[in-house]
Amino acid sequence: MSLRERYHRLQERIQAAALRAGRSPDAVTLVAVSKTHPADVVLEAYAAGIRHFGENRAYELEDKQAAVMALAGPLPDLHWHFIGSLQTRQSLPVARLATCFHAVDRVKIAGRLSHQLNDLGRQLTVFLEVNISGESNKAGFPAQQWQQDAAQRVALRLAAATIADLPRIEVQGLMTMAPWDTPEPVIRAVFRRTRELADWLQTAVPQVQWSSLSMGMTDDFEIAIEEGATHVRIGRALFGARS
Ligand SMILES: *Cc1c(COP(=O)(O)O)cnc(C)c1O
């Protein structure tokens with residue numbers, strides 16, 4: 001199957017999941033996760049109509065953006081999303097090149113980006129990553145107990161309010177990753193509790209709308225859309241397996 005065909009199949013599945021949930025398919029943005037794939041694959045996807053690309057390594061983002069630019073010149077409607085966890089000393093390429101950063105997992109990285117964005121005269125949309133499943137190998141603000149644990153809510157509210165007040169950073173909502181190889185009801189519950197946390201944050205940190213949810217990958221994006229995802233980050237279903 002060609003990339004164009006995989007994209008069309010994927011669009012059909014995204015639309016069907018949105019309609020099942022009574023949502024508009026237009027409310028779901030596909031972020032095509034192009035990590036490990038070269039610039040010419042990005043341009044093939046761009047030619048097929050894809051405009052949002054996800055990368056998870058700062059140096060790879062930098063190299064690929066330069067390679068795309070060298071091949072095709074500036075493409076103002078091609079948007080780079082940084083979806084991985086970001087080390088503080090590697091933040092500059094994200095500040096320079098990304099439209100959106102999905103994985104803010106500590107106040108410090110947001111503060112550093114805010115300074116760099118200010119120097120660059122740029123804005124960055126961000127999602128706060130939350131660890132809803134509680135797995136120790138997952139990044140994100142601890143949130144597995146947010147409904148029961150008042151201290152966890154206080155910490156989340158403080159971090160969210162601090163980041164929301166940073167210049168040049170526009171908080172859009174929450175990002176989460178579901179556990180792998182888990183029964184569907186468990187995955188669904190992780191996505192649902194993320195949406196409920198965003199609803200709570202609307203009253204706790206009202207200077208942000210909390211209207212967007214970045215959740216869902218190749219194996220679970222339909223469940224995520226049914227539970228309210230506005231951004232799905234999909235690699236393998238579009239580009240095939242990564243070597
Ligand atoms: C790689 C990656 C994805 C895409 O995963 P697929 O299973 O290829 O769809 C999504 N989100 C993050 C944070 C990733 O690192």
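Every number for a ligand or one of its atoms is a count from 1 in the order of the listing. Note: hydrogens, waters and symmetry copies are ignored here, and every other heavy atom, side chains too, is used.
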Problem - Under 4.0 Å to a heavy atom of I234 - the qualifying atoms of ligand 1, by number - result: 9 (O)

Practice task
Name the closest protein heavy atom to atom 12 (C) of ligand 1, giving the residue it belongs to and the distance to 0.1 Å.
Solution key: I83 CD1, 3.5 Å

Problem - Connected hydrophobic set around M175, excluding itself, where side chains approach under 4.5 Å - result: F127, M177, W180, M217

Practice task
State plainly whether the residues E44 and R4 are in salt-bridge range, i.e. N to O under 4.0 Å.
Solution key: no

Practice task
Could you check whether the rings of H79 and H52 sit parallel, tilted or perpendicular, using 30° and 60° as the cut-offs?
Solution key: parallel

Completion exercise
The atoms of ligand 1 lying under 4.0 Å from a heavy atom of G235, numbered in the order shown, are 4 (C), 6 (P), 8 (O), 9 (O)

Handout entry: Closest protein heavy atom to atom 7 (O) of ligand 1, given as residue, atom name and distance to 0.1 Å
Key = R236 NH2, 2.7 Å

Completion exercise
ligand 1 to K35, heavy atom cutoff 4.0 Å, flagged ligand atoms 1 (C), 2 (C), 3 (C), 14 (C), 15 (O)

Problem - Closest protein heavy atom (residue, atom, distance) for atom 5 (O) of ligand 1 - result: M217 CE, 3.5 Å

Handout entry: Enumerated ligand 1 atoms positioned under 4.0 Å from heavy atoms of R233
Key = 4 (C), 9 (O), 10 (C), 11 (N), 12 (C), 13 (C)

Exercise for the section: Please say whether R242 places an N or O atom under 3.5 Å from an N or O atom belonging to ligand 1. Expected result: yes

Completion exercise
Residues passing the salt bridge (Lys or Arg N to Asp or Glu O under 4.0 Å) test with R192, sequence neighbours excluded, are E227

Handout entry: Lys/Arg N to Asp/Glu carboxylate O, K35 vs E60, below 4.0 Å
Key = no

Practice task
Kindly confirm or rule out a cation-pi arrangement of R51 over Y46, judged by NZ or CZ under 6.0 Å from the six-membered ring centre and within 45° of its axis?
Solution key: yes

Practice task
Can you pull out the closest protein heavy atom to atom 9 (O) of ligand 1? Residue, atom name and distance to 0.1 Å, please.
Solution key: T218 OG1, 2.5 Å

Exercise for the section: Say whether M177 and ligand 1 are in contact under the criterion: heavy-atom distance to a ligand atom below 4.0 Å. Expected result: yes

Exercise for the section: For the residue pair R112 and T88, confirm or rule out a side-chain donor-acceptor distance under 3.5 Å. Expected result: no

